[in-house]
A.B. asks: 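Please find one structure pasted underneath; my questions will follow.
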There are 2 protein chains.
Amino acid sequence: MIFTTKAEYGVRLLVELGRQPNESPVSLKAIAESEGLPLAYLERIVALLKRAELVESTRGAHGGYRLARDPENVTMDEVVLALEGSVAPMSCFVDETDDGRVLCSHVDDGEACATKFLWLRVQGGVTEALRRTTLAELVAFSAKQDVAQTPVPLGSALPLHSAA
Amino acid sequence: MIFTTKAEYGVRLLVELGRQPNESPVSLKAIAESEGLPLAYLERIVALLKRAELVESTRGAHGGYRLARDPENVTMDEVVLALEGSVAPMSCFVDETDDGRVLCSHVDDGEACATKFLWLRVQGGVTEALRRTTLAELVAFSAKQDVAQTPVPLGSALPLHSAA
DNA sequence: GCTTCTCCTACCGCATTGGTAGGATTAAGC
DNA sequence: GCTTAATCCTACCAATGCGGTAGGAGAAGC
């Protein structure tokens, strides 16, 4: 069981936005270069964050993205939900009812299977871990990493994945 | 983020074995028919459980599988670990070191990323939820479901997925 | 020796993931 | 008003992994 890179890249993007001191928007290109991520792919990811009203955008030259809220009020469960579409440990959980609640297909035939009992517990553990982690916490963590090493101001490209 | 059917089917198989009153082994065919699962696929799944010494097998006619331990002493974290190979929320966690510990690839380049901090928390939530759930608990749960409806002795085929 | 099992390995269709390409729209700066 | 820099949008594509199948070889009861 695994999250996709959407969650990874999306969270990194939000952390990068949270590290910006002022209110001026940051272009995706700057973030892509700073994190070493493909720009075109990031565009699709940030669209998910915008649809969930986690970021705001301004178009045109000198445009970009900024956080829509204070990082303290952004919990990771809504972030991951926006990025991955669902936080479900089993595929049958994804089939949702109309109001968005998860629904195990096994319930349909009147059979409350023991595995559903287990996956619900797992799902609870995941969402709880996500909910008690705020974006502000991650931003502070990454800032701490910076002073331990060298500060990395935006603009100086430091690829993470693709070795230079 | 999602578990595969290996975990689903494997846990169901163990629950079915745990429901057996006596010590005589149960054939995979009986379980496959009872749960409505493909036999050939179950064979590969039960091999994982046997390799992890969670089940024992006797070959030949009237052979089959039985639990290697008491259900009280079987926790779901080792079950899922045996079935899925790892309990990792992010793909970079799967690359293991030689002693089996998870290792985020970002650590290699001296960068302790904020996302790793998050995924470790998620992983902790998952493994904790799995560890505090025993097979005995799931067996008891499924038994309770039975008295609420009609008891389903093994042998009477009741397909779950493929509607008859 | 037939049948009923476990066991092993190779194969295959399909969906999803991660990523690319190309362009349309918007706005700032000159 | 033109250029430029940025968001937006959609179609496309290769690779991977998942769920499942096929076909058999060995083991043990009857």
Side-chain angles (χ1 to χ4, degrees), chain A residues 1-10 12-13 17 24-33 35-51 55-66 68 83-86 88-92 94-95 105 154-155 161-162, chain B residues 1-10 12-13 17 24-33 35-51 55-66 68 83-86 88-92 94-95 105 154-155 159-162:
Chain A
M1 82 111 209
I2 236 148
F3 281 116
T4 69
T5 57
K6 276 188 203 146
E8 171 82 21
Y9 295 174
R12 284 215 239 165
L13 195 151
L17 291 185
S24 63
V26 184
S27 77
L28 266 197
K29 191 185 174 194
I31 293 181
E33 285 176 352
E35 296 275 338
L37 304 177
L39 171 61
Y41 191 36
L42 264 192
E43 286 183 352
R44 270 169 32 196
I45 290 173
V46 80
L48 301 171
L49 296 173
K50 187 183 180 187
R51 199 174 310 157
V55 301
E56 291 170 348
S57 66
T58 52
R59 305 184 63 168
H62 290 121
Y65 296 90
R66 83 195 73 80
L83 291 166
E84 297 285 343
S86 69
M90 189 56 58
S91 59
C92 62
V94 179
D95 309 315
S105 64
L154 248 187
H161 273 147
S162 53
Chain B
M1 82 114 208
I2 236 149
F3 281 116
T4 68
T5 57
K6 277 187 203 148
E8 172 82 21
Y9 295 175
R12 283 215 238 165
L13 195 151
L17 290 185
S24 62
V26 184
S27 78
L28 267 198
K29 191 184 173 194
I31 293 182
E33 285 177 351
E35 296 275 338
L37 303 178
L39 171 62
Y41 191 36
L42 264 192
E43 286 183 352
R44 268 166 36 193
I45 289 173
V46 81
L48 301 171
L49 296 174
K50 188 183 178 186
R51 200 173 310 157
V55 302
E56 290 170 348
S57 66
T58 52
R59 306 183 63 168
H62 292 137
Y65 295 90
R66 84 194 72 80
L83 291 166
E84 297 285 342
S86 69
M90 189 57 57
S91 60
C92 62
V94 179
D95 308 316
S105 64
L154 249 185
L160 247 69
H161 275 147
S162 54

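Below, read A as the first sequence line, B as the second, and so on, with proteins coming before strands; counting in each chain starts at 1. Computed from a predicted structure; not experimentally measured.
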A.B. asks: It should be established whether Thr5(A) places a side-chain nitrogen or oxygen under 4.0 Å from OP1 or OP2 of nucleotide dG18(C).
C.D. replies: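 So the side chain of Thr5(A) is within the cut-off, an N or O lying under 4.0 Å from OP1 or OP2 of dG18(C).
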
A.B. asks: By nearest nucleotide on DNA chain C, pick out whichever of Leu39(A) and Arg59(A) is the more 5' one.
C.D. replies: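 Whichever sits nearer the 5' end wins; that is Leu39(A).
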
A.B. asks: Which distance, rounded to the nearest 0.5 Å, do you find between the OG of Ser57(A) and the CG of Leu49(A)?
C.D. replies: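 Separation between the atoms: 11.5 Å.
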
A.B. asks: Below the 4.0 Å mark, does dG19(D) have OP1 or OP2 next to a side-chain nitrogen or oxygen of Thr4(B)?
C.D. replies: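 Checking dG19(D) against Thr4(B), a side-chain N or O does come within under 4.0 Å of OP1 or OP2.
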
A.B. asks: dC8(C) P sits how many Å from Leu48(B) CG, rounded?
C.D. replies: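 To the nearest whole Å, that distance equals 11 Å.
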
A.B. asks: Does any donor-acceptor pair link the side chain of Arg44(B) with the base of dT21(D) at a separation under 3.5 Å?
C.D. replies: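 When only heavy-atom distances are counted, Arg44(B) does reach the base of dT21(D) through a donor-acceptor pair under 3.5 Å.
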
A.B. asks: Measure from CD on Glu8(B) to C1' on dG20(D) and round the result to the nearest Å.
C.D. replies: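 Glu8(B) atom CD is separated from dG20(D) atom C1' by 16 Å.
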
A.B. asks: Could you verify whether a donor N or O on one side chain and an acceptor N or O on the other, from Ser27(B) and Tyr65(B), lie under 3.5 Å apart?
C.D. replies: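 Not at all, the side chains of Ser27(B) and Tyr65(B) share no donor-acceptor pair under 3.5 Å.
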
A.B. asks: Of all the nucleotides listed (dC8(D), dG18(C), dG23(D)), which has the minimum atom distance to the side chain of Tyr65(A)?
C.D. replies: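 Out of dC8(D), dG18(C), dG23(D), the nucleotide with an atom closest to Tyr65(A)'s side chain is dC8(D).
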
A.B. asks: Can you see if the side chain of Lys50(A) gets near the phosphate of dC8(D) - specifically, an N or O under 4.0 Å from OP1 or OP2?
C.D. replies: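 Answer yes for this pair, as a side-chain N or O of Lys50(A) is under 4.0 Å from OP1 or OP2.
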
A.B. asks: Closer than 4.0 Å, any side-chain N/O of Tyr9(A) to the OP1 or OP2 of dG19(C)?
C.D. replies: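 Result: yes.
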
A.B. asks: Among Leu42(B), Leu13(B), Ile45(B), which one satisfies side chain to side chain contact (heavy atoms under 4.5 Å, CB included) with Leu37(B)?
C.D. replies: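 With Leu37(B) as partner, side chain to side chain contact (heavy atoms under 4.5 Å, CB included) holds for just one option, Leu42(B).
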
A.B. asks: Out of dC8(C), dG19(D), dC8(D), which nucleotide sits closest to the side chain of Ser57(A)?
C.D. replies: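 So the nucleotide nearest the side chain must be dC8(D).
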
A.B. asks: Rounded to whole angstroms, how far apart are CZ on Arg51(B) and C1' on dC8(C)?
C.D. replies: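 For the pair Arg51(B) CZ and dC8(C) C1', the rounded distance is 11 Å.
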
A.B. asks: So, taking the atom named CD1 in Ile31(A) and the one named CZ in Arg12(A), what distance separates them when rounded to the nearest 0.5 Å?
C.D. replies: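 Between atom CD1 of Ile31(A) and atom CZ of Arg12(A) there are 12.0 Å.
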
A.B. asks: Taking the nucleotide of DNA chain D with the closest heavy atom to each, which residue, Gly60(B) or Thr58(A), is nearer the 5' end?
C.D. replies: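 Taking each residue's closest nucleotide, the earlier one in sequence belongs to Thr58(A).
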
A.B. asks: Would you give the length of the straight line joining atom CZ of Phe3(B) to atom CG of Leu83(B), rounded to the nearest 0.5 angstrom?
C.D. replies: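 Between atom CZ of Phe3(B) and atom CG of Leu83(B) there are 10.0 Å.
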
A.B. asks: What's the CG-P distance between Leu42(B) and dT21(D), to the nearest Å?
C.D. replies: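 Value for this atom pair: 11 Å.
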
A.B. asks: Would you kindly give the OH-to-C1' distance between Tyr41(B) and dG13(C), to the nearest whole Å?
C.D. replies: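 In whole Å, dG13(C) C1' and Tyr41(B) OH are 14 Å from each other.
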
A.B. asks: If each of His62(B) and Ala61(A) is mapped to the nucleotide of DNA chain D with the nearest heavy atom, which maps nearer the 5' terminus, i.e. the 5' end?
C.D. replies: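 Checking each residue's closest nucleotide, the 5'-ward one belongs to Ala61(A).
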
A.B. asks: Tell me the interatomic distance from Ile31(A), atom CD1, to dA6(D), atom C1', rounded to whole angstroms.
C.D. replies: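 Rounded to the whole Å, the gap is 13 Å.
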
A.B. asks: What is the distance, rounded to the nearest whole Å, between atom CD1 of Ile45(A) and atom C1' of dG19(C)?
C.D. replies: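 Going from CD1 in Ile45(A) over to C1' in dG19(C) covers 10 Å.
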
A.B. asks: Over how many whole Å does the gap from Glu43(B) atom CD to dA10(C) atom P extend?
C.D. replies: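 These atoms are roughly 16 Å apart.
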
